[in-house]
Asks: 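What follows is a structure written as structure tokens; I'll ask about it next.
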Protein chains: 2
Amino acid sequence: MPDMSRQNRTSELKSRVLSAALARFTESGIARTNVGDILKDADCSVGSLYHHFGNKEGIAEALFIGGLQQFNQNLLDALLSHRKAEPGVKAIVTWLCQWVTEQPQLAAYMLSREIKLSEEAKQEMREIDQSFRESLTAWFAPRIESGELKNLHFNVYVPLISGATLEYSRMWLSGRYSRSPATVSDVMAEAAWQSVRES
Amino acid sequence: MPDMSRQNRTSELKSRVLSAALARFTESGIARTNVGDILKDADCSVGSLYHHFGNKEGIAEALFIGGLQQFNQNLLDALLSHRKAEPGVKAIVTWLCQWVTEQPQLAAYMLSREIKLSEEAKQEMREIDQSFRESLTAWFAPRIESGELKNLHFNVYVPLISGATLEYSRMWLSGRYSRSPATVSDVMAEAAWQSVRES
DNA sequence: ACTTTTCTAGAACTTTATTCTAGTTTTGAT
DNA sequence: ATCAAAACTAGAATAAAGTTCTAGAAAAGT
């Protein structure tokens with residue numbers, strides 16, 4: 001691509017690297033993909049790759065942080081439009097099922113837990129997580145107050161609502177279950193609701 | 001240890017390697033631990049290690065398969081003594097919480113999903129899994145029949161019952177939650193039950 | 001215009017995993 | 001008891017992969 005501003009060529013290159021890496025990482029895991037393959041797939045030189053990402057872990061981290069931001073944002077978008085607890089909780093689960101089913105590669109990567117973040121990346125993640133938690137708290141607190149939801153230790157809501165779906169998704173993504181999360185979305189949503197509703 | 005049969009010395013060596021590897025793997029991940037460190041920790045030679053385990057992945061697989069067998073066995077032990085659905089389901093969750101809390105290293109390793117199994121190991125896992133599923137089915141089917149449990153697609157029961165606890169455990173193991181799974185065991189058990197009971 | 005920064009390139013280097021050769025101990029067969 | 005085969009140990013040698021380095025081109029800033 002000689003007919004492009006450098007800015008564009010550079011960001012093109014970076015995203016080629018990222019998508020090549022995602023494909024390889026989900027196919028064979030981070031450990032088993034070697035940077036040579038990514039380089040070849042993305043048509044990128046050693047120098048450029050190390051200039052932009054530092055090292056192999058850097059690529060993995062960039063993918064993870066990017067995915068996390070997208071994940072949190074979309075989940076909140078799905079949740080925040082609802083006012084009542086039941087549809088809100090169910091919307092989270094439904095969106096999750098859809099996200100996993102529609103972007104299996106990214107989901108497999110995000111759910112794989114293969115990535116060991118560096119200290120800086122951990123810090124960045126904590127910040128992202130912090131603001132995500134605050135948004136969640138703002139939505140949940142009033143519904144707990146109002147008695148729509150059981151009053152539990154805050155940390156358990158996320159696992160209770162998403163845990164089953166994520167676990168099911170991991171199984172589907174690894175090929176051990178054949179029906180996609182989207183096909184069991186209703187069951188998961190109902191179960192999630194039953195596990196947190198005040199009864 | 002010169003005063004031992006070779007059989008004993010060998011199995012001693014192998015378990016030294018396995019526990020050194022587990023410690024390193026949970027501390028830094030598989031990718032970041034190098035076999036040199038394991039060798040040093042376990043006081044083992046290069047030749048011996050590769051003779052017994054083939055390669056680094058081989059160590060990881062041995063740990064995983066061993067852990068899986070122990071996991072399945074103990075979970076079934078906790079479950080099968082119960083006849084009614086509610087205490088059975090709750091026993092699974094309670095046992096899970098206890099297992100994670102008492103063996104955090106092994107649990108962290110098993111839940112990390114960092115391990116990419118070789119084809120042979122995958123095959124072995126499928127067999128273990130197969131017999132595990134059969135035992136589970138034998139326990140669940142009559143409780144579904146009898147109407148104690150909702151009638152759902154079989155694959156969803158495991159995620160529904162264990163998903164939230166596993167997700168919570170991952171957070172605790174990674175240091176992001178401070179209360180151990182054992183301390184939220186009752187909440188998780190109740191929620192799991194609510195999510196699968198016929199209502 | 002020229003200085004600085006960003007970016008690209010690939011050869012050189014380093015690190016780490018794995019193989020190989022050689023020798024020792026044990027087991028099993030005759 | 002003797003021999004042959006198999007299991008095991010050891011560490012040097014090798015291969016494979018990740019990363020650094022040097023050099024130079026392109027763009028941005030002054």
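These figures come from a predicted structure and were not determined experimentally. In what follows, every chain begins at residue 1, and chains take the letters A, B, ... in the order their sequences are listed.
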Asks: For DNA chain C, find the residues of residues 19-31 of chain A with a heavy-atom distance under 4.0 Å and give them by number; none if there aren't any.
Replies: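 Of all residues in residues 19-31 of chain A, none places a heavy atom under 4.0 Å from DNA chain C.
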Asks: Figure out the CZ/P separation between R32(B) and dT19(D), and round it to whole Å.
Replies: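 It is 11 Å, rounded to the nearest whole Å.
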Asks: With a 4.0 Å cutoff (strictly under), does any side-chain N or O of R9(A) reach OP1 or OP2 of dA26(D)?
Replies: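 False: R9(A) side-chain N/O out of range (4.0 Å or more) of dA26(D) OP1/OP2.
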Asks: Assign a letter to each nucleotide of nucleotides 9-16 of chain C from its 5' end: B, base within under 4.0 Å of a protein heavy atom; S, sugar-phosphate only; -, no contact.
Replies: BBB----S
Asks: Could you report the tightest heavy-atom contact between Y177(A) and P159(B), atom names first, then the distance?
Replies: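 Looking at all heavy atoms of both residues, the closest pair is OH-CD, 3.8 Å.
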Asks: For R176(B), check salt bridge (Lys or Arg N to Asp or Glu O under 4.0 Å) against everything at least two apart and list the hits.
Replies: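 Salt bridge (Lys or Arg N to Asp or Glu O under 4.0 Å) check on R176(B) returns D129(A).
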Asks: Taking the side chain as C-beta and beyond, is there a heavy-atom pair between R83(A) and R143(A) under 4.5 Å?
Replies: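 Yes - at least one pair of side-chain heavy atoms lies under 4.5 Å apart.
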Asks: Rounded to whole Å, how long is the line connecting atom CG of L49(B) with atom C1' of dT19(C)?
Replies: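 Whole-Å distance recorded here is 13 Å.
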Asks: In whole angstrom, what separates D37(B)'s CG from dT18(C)'s P?
Replies: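 Value for this atom pair: 14 Å.
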Asks: Could you check how far CZ of F53(B) sits from P of dC8(D), rounded to whole Å?
Replies: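 Spelled out: CZ on F53(B) to P on dC8(D) is 11 Å.
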Asks: Do you know the tightest heavy-atom contact between T183(B) and R179(B)?
Replies: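 Reported closest heavy-atom pair: OG1-CB, 3.3 Å.
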Asks: In whole angstrom, give the distance that lies between atom CG of L39(A) and atom P of dA17(D).
Replies: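 Result: 13 Å.
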Asks: So, are R170(B) and E167(B) salt-bridged, with charged N and O less than 4.0 Å apart?
Replies: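 Salt bridge: yes.
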Asks: Run the side-chain contact (heavy atoms from CB on, under 4.5 Å) test on T10(A) and H52(A) for me, step by step, so that the C-alpha distance in whole Å, both residues' side-chain angles and the decisive distance to 0.1 Å come before the verdict.
Replies: CA-CA 9 Å; T10(A) 294; H52(A) 291 300; 3.5 Å; yes
Asks: When you measure from the side-chain N and O atoms of H52(B) to the phosphate of dT9(D), is any distance below 4.0 Å, counting only OP1 and OP2?
Replies: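 H52(B) to dT9(D) OP1/OP2: side-chain N or O found under 4.0 Å.
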Asks: If you compare every side-chain N and O of H51(A) against the phosphate oxygens of dT8(C) (OP1, OP2), does one of them come in below 4.0 Å?
Replies: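 H51(A) to dT8(C) OP1/OP2: no side-chain N or O under 4.0 Å.
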Asks: Which pair of heavy atoms, one from E114(B) and one from G29(B), lies closest together, and at what distance?
Replies: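 It is OE1-CA, 3.3 Å.
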Asks: Can you tell me which residue among L76(A), L75(A), N72(A) is in a side-chain contact (heavy atoms from CB on, under 4.5 Å) with S135(A)?
Replies: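 Running side-chain contact (heavy atoms from CB on, under 4.5 Å) over L76(A), L75(A), N72(A) with S135(A) returns exactly one hit, L76(A).
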Asks: Just the rounded figure in Å: distance from C1' of dC8(D) to CZ of R16(B).
Replies: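 It is 14 Å, rounded to the nearest whole Å.
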